[in-house]
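Remarks on the structure that follows.
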Amino acid sequence: MYICVCNAIKDSQIKQALHEGKLSINELRQHLALASRCGKCTSTLQDMLNEHLQTADRSAD
Ligand code: FES
């Protein structure tokens, strides 16, 4: 599924970047050129980042 339609970036690419340690919007933006045009994907990107960080927190318990 495309998350960033402007740049044709899929959720699988974002998940891969999260697993590689890109743990901020800026890092993801630099790595994948996300949110570099209309910016509509930013909120979904933030949700994916938050979910990833929460999952990481839970697995550390
Ligand atoms: S949908 Fe990502 S910049 Fe437009």
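Bear in mind that the values here come from a model prediction, so they are computed numbers and not experimental data. Ligands are counted one by one from 1 in listed order, and the atoms in each one are counted from 1 as well.
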Open item on the list: Under a 3.5 Å distance rule, please check whether N7 uses its side chain to pair with a backbone N or O of A33 as donor and acceptor.
Closed with: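 A pair under 3.5 Å: yes.
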Task: Heavy-atom donor-acceptor pair, E51 side chain to D47 backbone, under 3.5 Å - done: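 Answer holds: no.
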Open item on the list: I need the I9 CD1 to L32 CG distance, nearest 0.5 Å.
Closed with: 5.0 Å
Task: Nearest-0.5 Å distance, CE of residue M48 to CG of residue L45 - done: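 The distance works out to 7.5 Å.
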Ligand 1 atoms in contact with [X] (distance to a heavy atom under 4.0 Å):
X   : answer
R37 : 3 (S)
C6  : 1 (S), 3 (S), 4 (Fe)
G39 : 3 (S), 4 (Fe)

Open item on the list: With the threshold set at under 4.0 angstrom, would you say V5 reaches ligand 1 through any of its heavy atoms?
Closed with: yes
Task: atom 4 (Fe) of ligand 1 to nearest N/O/S of C4 below 2.8 Å - done: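 Here the distance criterion (N, O or S atom, under 2.8 Å) is not met by C4, so no.
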- [ ] Check whether any N, O or S atom of C41 sits under 2.8 Å from atom 4 (Fe) of ligand 1.
- [x]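 Looking at C41, which is the residue asked about, there is no N, O or S atom under 2.8 Å from atom 4 (Fe) of ligand 1.
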Task: Side chains of N50 and Q46, donor plus acceptor under 3.5 Å - done: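 Yes - a donor-acceptor pair under 3.5 Å links their side chains.
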- [ ] For ligand 1, indicate whether the residue A35 contacts it via side chain, backbone, both or neither (heavy-atom separation under 4.0 Å).
- [x] backbone
Open item on the list: Does any part of the side chain of V5, heavy atoms only, come nearer than 4.5 Å to the side chain of C41, both counted from C-beta?
Closed with: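 When only atoms from C-beta onward are counted, V5 and C41 do not touch, as no gap falls below 4.5 Å.
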